[in-house]
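Just below is one structure, and these are the notes that go with it.
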Amino acid sequence: MTVVTRFAPSPTGYLHIGGARTALFNWLYTRHLGGTFRLRIEDTDRARSTDEAIKLIIEGLKWLGIDWDGDVVMQFARAPRHAEVARQLLAEGKAYHCYCTPAELEEMRNKARAEGKPMRYDGRWRDRDPKDGIPNVPPVIRLKAPQTGETVIDDLVQGRVTVANEVLDDMVLLRADGTPTYMHSVVVDDHDMEITHVIRGDDHLNNAFRQYQLYQAAGWKVPEFAHVPLIHGPDGAKLSKRHGALGVEAYRDMGYLPETMRNYLLRLGWGHGDDEIISTKQAIEWFDIKDVGRNAARLDIPKLDNLNGHYLREADNARLAELVIERLKDVSPVGRSRIERGMAGLKARAKTLVELVDNARFYTLARPIPISEKAKALLTPEAKKLLADLSPALAATDFSEAALETAVRTFVETARVKLGQVAQPLRAALAGEPTSPGIFEVAAVLGRDEALGRIADATR
RNA sequence: GUCCCCAUCGUCUAGAGGCCUAGGACACCAGCCUUUCACGUUGGUAACACGGGUUCGAAUCCCGUUGGGGACGCCA
C-alpha cells in the first residue's frame with residue numbers, strides 16, 4: 001500500500017507556524033516513504049475563507065520548500081458530493097433530520113453544564129418519525145452515532161485512545177442550508193482522495209472519534225491517524241491565529257531562511273538522538289511519524305536565531321547577497337559588488353537577514369558616510385593623526401587584504417602603538433560604526449579610492 | 001463543568017528496567033582566541049512534578065495527586 005497524506009488548511013488567514021509544522025511532518029513522512037502528498041484547501045466556511053489567505057498559504061508552503069503532488073483540491077467545490085453522501089446515509093437510516101433551533105441547542109448545553117454532564121446534543125430528533133418534521137423549518141442532517149460502547153483510535157503518535165460513546169453526540173453532517181460541515185467534508189474528502197494517513201494537530205484528536213464513527217457508518221476504511229502535539233507560545237498556551245501565532249511570511253520578513261525553519265520546526269517534537277543540525281535530505285531519510293513526541297513544545301526564538309546564524313554562515317554568498325540587495329533597495333552596481341565580495345565577512349556576524357542587511361548597509365553608502373556617535377568617539381584627535389599618517393602607507397599597497405594587513409602592522413610597529421589604536425579608528429572611518437567585519441577585508445572590499453576617501457573624510 | 005492528552009535542566013530534547021553520579025543543543029555565567037563584533041573553543045550553573053506501588057533494581061512499568069494543554073459549534 002502506498003501512502004497518501006494531505007495537508008488541509010482552512011484559508012481563514014496566513015499559514016501559521018503550527019500549520020507549517022503539520023505540513024512539514026506530512027511532507028517529510030510522505031517523501032520518506034515515497035508516497036503522495038496532497039494539498040486540500042478547506043474552504044467550506046464561505047464567510048471566513050478568502051482568496052488572499054489561499055494565496056498566502058500556497059506562497060508560504062512554496063517558500064518553505066514544501067511541494068505537493070497533483071492539483072490543489074478545493075473543498076467547497078466538492079459540496080455536492082458531500083451532500084450526496086449525507087443523503088445516502090439518511091436514506092440508509094444512518095443519519096436523520098433534526099429540527100432543533102440554535103436556542104434549543106444552547107439550552108441543552110447550559111443544562112448539561114449545570115448538571116455536570118458532557119455538553120452534547122441530546123438526540124431528541126434521533127428516533128422521531130420523519131413525518132414529524134416541522135414545516136418551513138429546514139432541518140440539518142445528523143449522524144446517528146452509537147450511544148453505547150466505546151470508540152477506539154490507535155493513534156500513531158498518541159497510542160491507543162479510547163472514549164465512551166455516550167459522551168459523543170450526533171454530529172451535524174449537513175447544515176440547514178444544505179452545505180456540509182467540516183467534520184463531514186473531511187471524512188468524505190479523505191475517503192475519496194484515498195488518504196491513508198491523517199497527520200494533523202492534536203486539537204483534532206477529539207474530532208477523530210466522531211470522524212471514526214462516520215467512516216463506520218459509511219462503511220469506509222478508516223485511515224491511520226497521527227495527532228501531533230501543538231506548538232505553544234512562550235506562555236505555554238496554544239499557538240493559533242487567534243493567539244499570536246505568526247504566519248511563515250512573518251518569519252521570512254524577520255530574516256529567517258527557509259532551511260532554518262525546516263530544521264527548527266522538525267526539532268520541535270521530533271528528535272534523532274543528539275542531532276541538532278539536520279539537512280532536509282537527512283530529515284527525509286530519518287523521519288518517521290512514530291518518533292514524534294507526545295508533548296507540546298514551546299517556540300524558542302533564541303534557538304531559532306542561533307540555528308539561522310548557522311544556516312546563514314553555510315549559505316552561498318551570491319544567494320545571500322541577492323537577498324540582502326533585495327531588502328536594501330536601490331543598491332548601485334558598486335554597492336552590489338561590494339556586498340557580494342564582502343559577504344563572507346558579513347554573514348559570519350549575523351543571525352538574521354535583517355541583521356545582515358543592517359551590517360551590509362555601510363558598503364552601499366556614498367561619501368561622506370555618516371559616522372555614528374560611538375564611532376565618532378573613536379575618532380579622537382590622536383586617532384585622526386594616526387589615520388592621516390597611515391593613509392600613505394595604505395596607498396602604497398596593492399590594496400589586497402594581505403598587503404593592507406602587512407602595511408598596518410608595520411605602521412603600528414614603527415608608530416609604537418597597539419593594533420587596536422589604529423584598527424578601531426580605521427573601522428570608524430571606513431564603516432562609520434565601531435563594529436564591522438575584519439577591517440582589512442573591509443578596506444579591500446571598498447577599494448583604494450573609496451577607502452582612502454573615507455579616511456580622508458574622517459580625518460578632515 | 002465533561003471528555004481526551006501530556007509531564008526529564010529556563011527552552012528544545014536523548015533516554016524503550018540495570019549502560020544515568022541523567023547525555024546533547026539553545027540561552028546564561030566564567031576563561032581562551034582576538035583589530036571591533038561575531039564565530040570558534042574550554043569549563044560551569046541547571047532537570048527526571050509529587051505520592052504510592054511492581055521489581056533484586058524505575059527517569060523508564062502501574063495507580064493516584066498536582067500541574068499544564070486541548071476539545072466540547074449548523075468554525076475549521
Side-chain angles (χ1 to χ4, degrees), chain A residues 8-12 42-45 47-49 75 98 100-102 105-106 109 112-121 138-142 155 158-159 161-164 166-169 171-177 179-183 185-186 201-209 227 229-230 232 234 236-238 264 267-277 293-307 309-310 313 345 347-351 355 359 378 405 408-409 412 418-428 431 433-440:
Chain A
S10 61
T12 53
E42 309 222 314
D43 56 348
T44 47
D45 183 347
R48 295 200 300 138
S49 297
Q75 189 164 64
C98 167
C100 277
T101 62
L105 261 14
E106 179 62 27
R109 277 192 283 273
R113 180 186 266 274
E115 292 174 1
K117 288 182 181 160
M119 292 190 270
R120 56 191 283 279
Y121 167 66
V140 300
I141 295 179
R142 282 184 188 270
D155 193 277
Q158 304 292 340
V161 188
T162 306
V163 76
E166 58 182 341
V167 306
L168 266 21
D169 61 3
M171 63 169 165
V172 173
L173 266 24
L174 223 53
R175 299 184 186 106
D177 65 2
T179 59
T181 60
Y182 155 80
M183 286 286 214
S185 309
V186 170
D202 214 350
D203 49 342
H204 286 286
L205 185 56
N206 289 280
N207 294 338
F209 295 112
H227 289 93
L230 302 173
H232 286 172
K238 178 187 178 182
Y264 182 74
R267 285 288 291 108
L268 236 40
W270 180 89
H272 185 271
D274 285 342
D275 295 301
E276 295 288 344
I277 304 291
R294 289 199 267 196
N295 44 329
R298 297 187 191 198
L299 204 61
D300 188 47
I301 299 297
K303 188 155 186 172
L304 219 206
D305 282 341
N306 176 275
L307 239 201
H310 168 85
R313 272 171 260 133
K347 74 179 182 183
R349 293 168 170 75
K351 293 214 183 307
E355 246 181 77
N359 296 343
L378 256 19
E405 175 157 7
V408 171
R409 287 194 187 276
V412 161
K418 286 186 181 160
L419 181 54
Q421 288 176 268
V422 173
Q424 279 305 86
L426 184 55
R427 189 184 312 283
E433 292 292 341
T435 66
S436 80
I439 199 60
F440 307 120

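Every chain is numbered from 1 and lettered A, B, ... according to where its sequence line falls, protein lines coming before strand lines.
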With rounding to the nearest 0.5 angstrom, report the [atom1] to [atom2] distance, [X] to [Y].
X        : Y        : atom1 : atom2 : answer
A:Thr101 : A:Glu106 : OG1   : CD    : 10.5 Å
A:Asp300 : A:Arg267 : CG    : CZ    : 12.0 Å
A:Gln158 : A:Leu205 : CD    : CG    : 5.5 Å
A:Leu173 : A:Arg142 : CG    : CZ    : 10.0 Å
A:Thr44  : A:Tyr182 : OG1   : OH    : 9.5 Å

Give me the distance, rounded to whole Å, that separates [N] from [M] when you measure between the [atom1] atoms they each carry.
N      : M      : atom1 : result
B:rU41 : B:rU34 : C1'   : 13 Å
B:rC9  : B:rG44 : C1'   : 14 Å
B:rC75 : B:rU13 : C1'   : 35 Å
B:rG68 : B:rA25 : C1'   : 24 Å
B:rG17 : B:rA22 : C1'   : 15 Å
B:rC63 : B:rU45 : P     : 37 Å
B:rG67 : B:rA59 : P     : 25 Å
B:rA30 : B:rA16 : P     : 36 Å

Rounded distance in Å - [atom1] ([X]) to [atom2] ([N]):
X        : N      : atom1 : atom2 : answer
A:Glu276 : B:rA25 : CD    : P     : 8 Å
A:Ile277 : B:rC26 : CD1   : P     : 9 Å
A:Gln75  : B:rC75 : CD    : P     : 13 Å
A:Asp275 : B:rG15 : CG    : P     : 11 Å
A:Leu299 : B:rG69 : CG    : P     : 17 Å
A:His272 : B:rG24 : NE2   : P     : 18 Å
A:Glu106 : B:rG1  : CD    : P     : 19 Å
A:Asp169 : B:rC72 : CG    : C1'   : 8 Å

Base, sugar-phosphate, or nothing: which does [X] touch, judged by heavy atoms less than 4.0 Å apart?
X        : result
A:Arg120 : nothing
A:Glu42  : sugar-phosphate
A:Ser49  : nothing
A:Cys98  : nothing
A:His204 : base
A:Ala297 : sugar-phosphate
A:Val140 : base
A:Asp305 : nothing

_Given A:Asn207, A:Asn206, A:Asp155, A:Asp203, the one that forms side-chain hydrogen bond (donor to acceptor under 3.5 Å, both in side chains) with A:His227_ = A:Asp155
*To the side chain of A:Thr181, which of B:rG70, B:rA76, B:rG24 is closest?*
B:rA76
*Taking atom CD of A:Glu166 as the centre, does the number of heavy atoms from other residues, nucleotides or ligands within less than 6.0 Å exceed 12?*
no
*Should A:Arg109 be listed as having a side-chain N or O under 4.0 Å from OP1 or OP2 of B:rC72?*
no
Partner nucleotide, any strand, of [N] [Watson-Crick/G-U, under 3.5 Å]:
N      : answer
B:rA49 : B:rU65
B:rU55 : none
B:rG17 : none
B:rU60 : none
B:rC39 : none
B:rA25 : B:rU11
B:rA71 : B:rU2

_CA sep, side-chain torsions, deciding dist, call: A:Glu276, A:Lys303, salt bridge (charged side-chain N to carboxylate O under 4.0 Å, His left out)_ = CA-CA 11 Å; A:Glu276 295 288 344; A:Lys303 188 155 186 172; 3.6 Å; yes
_In the structure I gave you, are the side-chain heavy atoms of A:Cys98 and A:Val140 within less than 4.5 Å of one another anywhere?_
yes
*Hey, does the side chain of A:Lys351 reach the backbone of A:Asn306 with a donor-acceptor pair shorter than 3.5 angstrom?*
no
*Output yes when a side-chain donor or acceptor of A:Arg175 lies under 3.5 Å from a complementary backbone atom of A:Pro180, and no otherwise.*
yes
Mind listing the N/O atom pairs, protein and nucleotides 2-8 of chain B, below 3.5 Å?
unit_1: B:rC5; atom_1: O3'; unit_2: A:Gln158; atom_2: OE1; d: 3.4
unit_1: B:rC5; atom_1: O2'; unit_2: A:Gln158; atom_2: OE1; d: 3.2
unit_1: B:rC6; atom_1: OP1; unit_2: A:Arg294; atom_2: NH1; d: 3.0

*Name the residue closer to the 5' end of RNA chain B, choosing between A:Pro9 and A:Arg267 according to the nucleotide with the nearest heavy atom.*
A:Arg267
_At under 4.0 Å between heavy atoms, how does the protein contact nucleotides 27-45 of chain B? Give one character per nucleotide, 5' to 3', with B, S or -._
S-------BBBSSS-----
*asked:* Using the side-chain contact (heavy atoms from CB on, under 4.5 Å) definition, which of the options A:Glu433, A:Gln421, A:Arg427, A:Gln424 pairs with A:Leu378?
replied: A:Gln424
